[in-house]
**Student:** 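I have a structure I would like to understand better, so I am pasting it below and will then ask my questions one at a time.
The basis for the numbers below is simple: all heavy atoms, side chains too, and nothing from hydrogens, waters or symmetry mates. Below, chains carry the letters A, B, ... as their sequence lines are ordered, and counting in each starts from 1.
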2 protein chains.
Amino acid sequence: MAQPIPEVVILRLPLYLRTLSRLAEKNIEVVSSRELGNHLQFTPAQIRKDLSYFGRFGKQGRGYDVKHLLAELKGILGLDRSWPMALIGVGQLGRAILSYRGFATEGFQIVAAFDSDPAKIGKRYGKLTIQDVAELNKTVAEQGIAIAIVAVPPSQAQQVINTLVASGVKAILNYVPITARLPKGVWLRDVDPTLALQTLTYHLKLGDTQA
Amino acid sequence: MAQPIPEVVILRLPLYLRTLSRLAEKNIEVVSSRELGNHLQFTPAQIRKDLSYFGRFGKQGRGYDVKHLLAELKGILGLDRSWPMALIGVGQLGRAILSYRGFATEGFQIVAAFDSDPAKIGKRYGKLTIQDVAELNKTVAEQGIAIAIVAVPPSQAQQVINTLVASGVKAILNYVPITARLPKGVWLRDVDPTLALQTLTYHLKLGDTQA
DNA sequence: GCCTGTGAATGATTTCACAGCA
DNA sequence: TGCTGTGAAATCATTCACAGGC
């Protein structure tokens, strides 16, 4: 323990969380690393090793208490609270993100939306009034926003990200197909279905049979 | 050469493609691995090694011809053609995917949309008429569809994926938060912004400074 | 007997470092 | 000189295998 935790491990924790939630819904109380591995298509050893970075959650001879592990993982990931988020860019994609219900159920809530188009500023979508990007600083500070979602045109994205960073945002969910530059201490994940498709076609072309 | 190509390498190729496209738009004709690495925040050695799996595209002392490398990568990834796709699930998320413009510009086109809700079947969205999932087999065969996008409720997702596989689809872009089971020879990529957010909060909680 | 937690071993990926060519 | 392509070395991630507890 007290070792540096590999980023790949962090990337898997939400998958564990998701599967454990399903098990909890089915009132399954205990799960072994082998069973969890079956659901996730990971090896039992990997699951045990991953969890061992954070503590000793299992019981020998039995496995893991589903509810308890669920609570522990939520704590580890910082999901035992809600996270207010800002959305930048209320074009077609931005509006789809605004009306997406998947975030709220996990404690992520878009509490402010911004655009630079004067025709959009002041308009309402649901409970939100679209604000001028110029107000970003103030709103981020007032609402304690640490996470922003970026859905602006590619040509504006880096500048918007710079502004977000300057305003104190520490994490960005980026829907724009660019390679963003970031200072240390700010985290970013890309969402890009086109990139995913482009890796699929490689295998289709080959008629590749290893899954 | 003729070595098995690591999957991580395939995952990076579309990023190279994207950056090369931007360079080509700026009429930049030649790029070195160091410059390309600067744009992508990768090491030059990684770029050279990755490309070396597929051939020798560079010129010593100069670097890579942007247009030529772009064409080679498109060929390698199977992007020198267009790919008709089917969308399964025309709920809120599915409709957002239907109206998303990002796919078409890269040669991916949704040519058929399916749902199981009788109230939706027969309705038109743009140029598409929503079909009954029962027609999937026929349409996939007729239109030569190898790629499907899944955007149904979680409870239906695995069954829909089974149906797709049975109909001959070889690649799936999955927007549903499940761990799908697949036979060999079928490829899947997940799109799940919530998972991405859940890994970001881990770092926020820590006030983590290494980027 | 069953299953966890974990060092050690294996395997995969990245980076180094340099020969060779323009 | 400048940069590629590539074996070898270094680093990182996964899996093994087993001691120890329920």
**Student:** Provide the closest heavy-atom pair for A:Glu135 versus A:Phe114 in the form atom of the first, atom of the second, distance.
**Tutor:** C-CE2, 4.0 Å
**Student:** In this structure, how many angstroms lie between the P atom of C:dT6 and the CG atom of A:Leu51, rounded?
**Tutor:** 11 Å
**Student:** So does A:Tyr64 get a side-chain nitrogen or oxygen closer than 4.0 Å to the phosphate oxygens (OP1/OP2) of C:dG5?
**Tutor:** yes
**Student:** If you find the nucleotide of DNA chain D closest to A:Val8 and the one closest to B:Ser33, which residue's nucleotide is nearer the 5' end?
**Tutor:** B:Ser33
**Student:** Taking B:Leu73 as the fixed residue, which of B:Asp80, B:Leu79, B:Leu17 is the one that meets the side-chain contact (heavy atoms from CB on, under 4.5 Å) rule?
**Tutor:** B:Leu17
**Student:** Are more than 12 heavy atoms, taken from residues, nucleotides or ligands other than A:Glu7, located less than 6.0 Å from that residue's CD atom?
**Tutor:** yes
**Student:** Given C:dC2, is OP1 or OP2 found less than 4.0 Å from the side-chain N or O atoms of A:Arg34?
**Tutor:** no
**Student:** Spell out protein contact along nucleotides 15-22 of chain D as letters: B when the base is contacted, S when just the sugar-phosphate is, - when no protein heavy atom is under 4.0 Å; keep the 5' to 3' order.
**Tutor:** BBB--BBS
**Student:** Tell me every residue that passes side chain to side chain donor-acceptor pair (under 3.5 Å) with B:Arg81, counting only those two or more places apart in sequence or in another chain.
**Tutor:** none
**Student:** Below 4.0 angstrom from OP1 or OP2 of D:dC3, is there any side-chain N or O of B:Arg56?
**Tutor:** no
**Student:** For the pair made of CG in A:Leu36 and C1' in C:dC2, what is the distance, rounded to whole Å?
**Tutor:** 17 Å
**Student:** Grab the CZ-P distance between B:Phe57 and C:dC21 for me, whole Å please.
**Tutor:** 20 Å
**Student:** Atom CD of A:Glu7 to atom P of D:dT14: distance rounded to whole Å?
**Tutor:** 12 Å
**Student:** I need the single residue from B:Leu87, B:Ile88, B:Asn174 that forms a side-chain contact (heavy atoms from CB on, under 4.5 Å) with B:Val152. Which is it?
**Tutor:** B:Ile88
**Student:** Nearest-Å distance, CG (A:Asp50) to C1' (C:dT4)?
**Tutor:** 14 Å
**Student:** Using a distance-only test with no angle check, is there a side-chain donor-acceptor pair under 3.5 angstrom linking B:Arg101 and A:Gln92?
**Tutor:** yes
**Student:** Take atom CG of A:Asn38 and atom P of C:dC3, then tell me their distance rounded to the nearest Å.
**Tutor:** 12 Å
**Student:** When the distance from CZ of A:Arg12 to P of D:dA13 is rounded to whole Å, what number comes out?
**Tutor:** 9 Å
**Student:** Just how far, in rounded Å, is P of D:dG5 from CG of B:Leu69?
**Tutor:** 9 Å
**Student:** Under 3.5 Å, which donor-acceptor pairs do the side chains of residues 60-67 of chain B form with other protein atoms, sequence neighbours left out?
**Tutor:**
| from | atom 1 | to | atom 2 | distance (Å) |
| --- | --- | --- | --- | --- |
| B:Asp65 | OD1 | B:Lys67 | N | 3.4 |
| B:Asp65 | OD1 | B:His68 | N | 2.8 |

